[in-house]
Number of protein chains: 2
Amino acid sequence: MISLAEENYLKAIYSLNQIQQGGASTNAVAEKLDTKASSVTDMLKKLSEKKLVNYTKYQPASLTNRGMAIAIDVIRKHRLWEFFLVEKLKFKWDEVHEIAEQLEHIRSSALVDRLDSFLEYPKFDPHGDPIPDKEGRINKIHDTVLSALPIGEEAHIVGVKEHSNSFLQYLDAVKLVLGTRVKLINRFEFDQSAIVQIAGKENITISFDISKNLYIKFI
Amino acid sequence: MISLAEENYLKAIYSLNQIQQGGASTNAVAEKLDTKASSVTDMLKKLSEKKLVNYTKYQPASLTNRGMAIAIDVIRKHRLWEFFLVEKLKFKWDEVHEIAEQLEHIRSSALVDRLDSFLEYPKFDPHGDPIPDKEGRINKIHDTVLSALPIGEEAHIVGVKEHSNSFLQYLDAVKLVLGTRVKLINRFEFDQSAIVQIAGKENITISFDISKNLYIKFI
DNA sequence: TAAAATTTTTAGAGTTGCCTAAAAATGATT
DNA sequence: AATCATTTTTAGGCAACTCTAAAAATTTTA
């Protein structure tokens, strides 16, 4: 039996190993879960005994196959619930994370299966993150960002790399939401800020920080 | 902040005070929550300090207004989720209790409001139990049971008093589901078993134990 | 109404998951 | 390579919730 706390640790270790930068060090996990390093050490020992993580003292942790399967299952539930909240209950994309953090821990495989079917097997959540299927297969995450779009080229916004509410709210305000078509008008060498045309209409200037956190797909 | 365990105690005390028989004694609560009497005593003290239950040693507990409001809120969530599971996800009425026991603890009033709206403000859950509204107003529970239906009279099944899976599965098997029209053909004095006509069609014999656990509404 | 049976409470302890403070190991710097 | 800074672990403890065993109160029964 996996506790709620354990599930959160597995999820944190998973996501820290997805992004580059050093993997799931004790401190990184502590920061991600807003807890103390000593608590993380305790839990890593426990998860290691349970054969859910690979852990040797003073080394970053990684997931075993069993741990990976559980983490992916939790992520599947999180993203399906997010999709439900936005598509069916009409929440905005910056309102769903916290609620999905709770819903992802509901234990019932029948529930997840039926939810998946009710939602007609969505492939991506409201932030563009891929939803793992029943067998844990997961589409590769998008890897091209808007900051890599050459001048004059067009693309669609397909995901966000940063999930903070303030970022999502900014995107809403400037209409840079998922599915939007963008064209790169110009980019300034000085600070890598860029002028983009949104949906064939108005031009806006966005900072490098914005454009490097938006996943795109070339048209 | 109310913990999950506290919510379960409040719900148990609420339901024990709804039915007759002695109210929420320490042992009754312990049995309901499948725990030990000593644990209940501890928790009653704690809830009493938090002014959520009225408790004096060696006496059955009851809910304060605040405790009542919380209990009703949890029940509202439970029944809304049950409705969702049956109506939208196509679960059967004997499959939803355990899942709703988990979902009822999700904390987000926005979620409950939007779920309620998505479901179009249902008044009764899949077992015929009334769903409290946002303000905690709750329809009176049905009070007439099939065992009180006079011979020759007709009624609709509107709820179940007993919620065990085996009972619900029995009802499915003999088609005594919610909304079914029944006519009382005969009742035997010996054991109070009865012959009922189901939906104007076949007659079946049901025991007293069945008929006293089915709520009806006269036609 | 006194003894017996039952219910309830108290006392002490275990588990999980977290904390602080201090010690130990690692890594960076000169 | 020795010192300094950072990271990680250890040690000891706390809060929530549970348990068992024993004591105390209440209720039942004779």
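Heavy-atom basis, side chains included; hydrogens, waters and symmetry copies ignored. The shown structure was predicted, so the numbers you read here are calculated from the model rather than taken from an experiment. Every chain is numbered from 1 and lettered A, B, ... according to where its sequence line falls, protein lines coming before strand lines.
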Please determine if a side-chain N or O atom of B/Asn27 lies less than 4.0 Å away from the OP1 or OP2 oxygen of C/dT8.
yes

So does B/Ser147 get a backbone contact from the side chain of B/Arg187, meaning a donor-acceptor N/O pair under 3.5 Å?
yes

What is the separation between atom NZ on A/Lys45 and atom C1' on C/dC18, rounded to the nearest whole Å?
14 Å

Mutual orientation of the aromatic rings belonging to B/Tyr170 and B/Phe167 [parallel < 30°, tilted 30-60°, perpendicular > 60°]
parallel

Report the distance from atom CE of A/Met1 to atom P of C/dT16, rounded to the nearest whole Å.
14 Å

Is there side-chain contact between A/Lys77 and A/Leu103, with at least one heavy-atom pair below 4.5 Å?
no

Output yes when a side-chain donor or acceptor of A/His97 lies under 3.5 Å from a complementary backbone atom of A/His163, and no otherwise.
no

Have A/Ser62 and A/Asn54 got a donor and an acceptor in their side chains that come within less than 3.5 Å?
yes

Please tell me if A/Tyr55 has a side-chain N or O lying less than 4.0 Å from either OP1 or OP2 of D/dT8.
no

Identify each atom pair where a protein N or O and an N or O of nucleotides 20-27 of chain C are less than 3.5 Å apart, giving names and distance.
residue: C/dT20; atom: O4; partner: A/Ser38; partner atom: OG; Å: 2.9
residue: C/dA25; atom: O4'; partner: A/Tyr58; partner atom: OH; Å: 3.2

For atom CD of A/Glu31 and atom P of D/dT6, their distance in whole Å
15 Å

Using whole Å, what does the distance between atom C1' of nucleotide C/dC18 and atom CG of A/Leu4 come to?
14 Å

Have a look at B/Thr41 and say if it touches a base, only the backbone sugar-phosphate, or nothing, with a 4.0 Å heavy-atom cut-off.
base

If we ignore hydrogens and angles and just use 3.5 Å, is the side chain of B/Lys161 paired with the main-chain N or O of B/Asn213 as donor and acceptor?
no

Could I get the full list of side chain to side chain contact (heavy atoms under 4.5 Å, CB included) partners for B/His142, not counting sequence neighbours?
B/Phe124, B/Val158, B/Tyr215

Interatomic distance, A/Leu47 CG vs C/dT16 C1' [rounded to whole Å]
13 Å

Grab the CG-P distance between B/Asn8 and D/dT18 for me, whole Å please.
9 Å

Whole-Å distance, B/Asp42 CG to D/dA15 P, equals 15 Å

From CE of A/Met43 across to C1' of C/dC19 the rounded distance in Å is 14 Å

Ignoring backbone atoms, test whether A/Ser3 places a side-chain nitrogen or oxygen under 4.0 Å from the OP1 or OP2 oxygen of C/dT16.
no

Please tell me which of the listed nucleotides, D/dC19, C/dT9, C/dC19, lies nearest to the side chain of B/Thr35?
D/dC19

Describe the nucleic acid contact of B/Ala37 in one word from base, sugar-phosphate, nothing, applying a heavy-atom distance below 4.0 Å.
base

